[in-house]
Amino acid sequence: MAQQQRGSFSSRLGFIAAAAGSAVGLGNIWKFPYETGLNGGAAFLVIYLFCVFIICMPILVAEITVGRHARQNPHGSYKKIGGGNWGVIGTIGIIVGIMILSFYNVVAGWAFGYFLQTSFGDLLSKGDFASYFGKYTANVTDNLIFSLAFMVATGLIVAGGVQKGIERWTKILMPVLLVIVLGLIVYGLTLPNAREGVSFYLVPDFSEVEAGTFFSALSQAFFSLSLGMGAIITYGSYFNKEDNIVSSAALVTTTDSLIAFLSGLLVFPLVFFQAQEPTEGPGLVFVALPGIFEQMGPMIGPLIGGTFFLLLCFAALTSTISLLEVPVAYVTDEFNVKRKPAVIGIASLIFLLGLPSMLAHGAVDWFTNFATYGGETHNFMTVLITIFSDIGLPFGGFMISIFVAYKWGMKRFADEIEHGHPHFRGRIEEKFVTVMLSFISPLVVGTILIITVLQSFFGIQVF
Ligand code: TRP
């Protein structure tokens, strides 16, 4: 097995660009603001940052290290290091990733449609952007075409292989996205009522916090950092021995949370300026942003708005690449299939799995009102998000902590990190990572998962 030559990143910057590209995506610009809005604003932000830096960053180090040591896809990595049935944990992660990509690709299709409609269509003259979003997402033809286009683009890049495809694009497009977001923030902050938005986002009110807030913040942290299903194990398997895992992980974490933070700073002033509801849910970005593009007038609006949505598409693309790369690496590693046929087969499968999510926004009633739990009716896409992202990813994070601390062992783990970081042992970061992976992360993640499952699915109120 694994007879084919494996790719690797050309430099440490290449890995950081690819991992940050994987991390920064719809999770930062679409999901983070609406989760923050639904969960009360600033208090959520504080808990989120705690989850990112304290709970998740050590898990990020763990995933990179496992991947670099084993030089395998997630299934192969768990199996090679852990033996026995450990490979199953990697396989579960691969399935989780496939399901996440199935709905992620649909949302990416919306972003692509919004790019076209903003630049070349009449979106900005619609006025009522909330009802436009409702109509847009219920429209089957556009969704079908644009998410297909998105999957094809993802597939073409993944077929190109690790270096040529993944590294190059990310390095160019991420800085441009940062610049446009910064520009829009400055513009938004000058608008009337921006201040209310800023205080909703930055002045915490902890009386709003409930058990569910911790769960949402934790799952969002996993989703945003691309953790818990093996994407980072896979990218770690292309990571060079001479490079420093710990500092790379810190840089990726900082970049990702910075972009998420800025995206909130962009969205909430606009929401309050337009007297919209921060609790809008998954439509938030698609409803809040067109309004200010419209304000910018018929020349500048489509230009700036179109550029924004186009860059959002690119951010999403570097994330879909990392999601597709995982099952492709699995199939090429384990079954000695060539990259191209693997990409074609798997991308087609995932596109088909995405169809119910596409039809869950008004097109087909059965998928739109799919299941009732926690006192609410959820559409098919939300159900996928709950099971695979909200629960699946923290579960994967829990498993890798246990795996590294108690199966592989912190000694061998530290040996691997010492390549590229010779003074790791004895430093504060070694102690931090050790304590977190052995005790705190599994304990916190495990507790939150158990409480949530009891509460939302069995209606048992724990506190
Ligand atoms: N992190 C990406 C985002 O924020 C999404 C993503 C890419 C992802 N790869 C992943 C999420 C792997 C979970 C697991 O948009």
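All values derive from a computational prediction rather than experimental measurement. As the structure lists them, so they are numbered: ligands from 1, and atoms in each ligand from 1. We number each residue from 1, following the sequence as shown.
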Does the ring center of Trp408 lie less than 6.0 Å from the ring center of Phe403? no
Ring centres under 6.0 angstrom apart (Tyr136, Tyr114): yes
Restricting to pairs with a member in residues 213-226, which pass salt bridge (Lys or Arg N to Asp or Glu O under 4.0 Å), not counting sequence neighbours? none
Looking only at side-chain N and O atoms, does Tyr330 offer a donor or acceptor that is under 3.5 Å from a partner on Glu325? no
Parallel, tilted or perpendicular: ring planes of Phe272 versus Phe200, cut at 30 and 60 degrees: tilted
For the residue pair Phe223 and Tyr104, does the interplanar ring angle fall in the parallel (under 30°), tilted (30 to 60°) or perpendicular (over 60°) class? tilted
List, pair by pair, the atoms of ligand 1 and of the protein that are both N or O and lie under 3.5 Å apart, giving the separation rounded to 0.1 Å.
from: ligand 1; atom 1: 1 (N); to: Ser22; atom 2: O; distance (Å): 3.2
from: ligand 1; atom 1: 1 (N); to: Ala23; atom 2: O; distance (Å): 3.0
from: ligand 1; atom 1: 1 (N); to: Phe223; atom 2: O; distance (Å): 2.8
from: ligand 1; atom 1: 1 (N); to: Ser224; atom 2: O; distance (Å): 3.1
from: ligand 1; atom 1: 1 (N); to: Ser226; atom 2: OG; distance (Å): 3.0
from: ligand 1; atom 1: 4 (O); to: Ala23; atom 2: O; distance (Å): 2.8
from: ligand 1; atom 1: 4 (O); to: Gly27; atom 2: N; distance (Å): 3.3
from: ligand 1; atom 1: 4 (O); to: Asn28; atom 2: OD1; distance (Å): 3.3
from: ligand 1; atom 1: 9 (N); to: Ser226; atom 2: OG; distance (Å): 3.3
from: ligand 1; atom 1: 9 (N); to: Ser322; atom 2: OG; distance (Å): 3.0
from: ligand 1; atom 1: 15 (O); to: Leu26; atom 2: N; distance (Å): 3.1
from: ligand 1; atom 1: 15 (O); to: Gly27; atom 2: N; distance (Å): 2.7
from: ligand 1; atom 1: 15 (O); to: Tyr104; atom 2: OH; distance (Å): 2.5

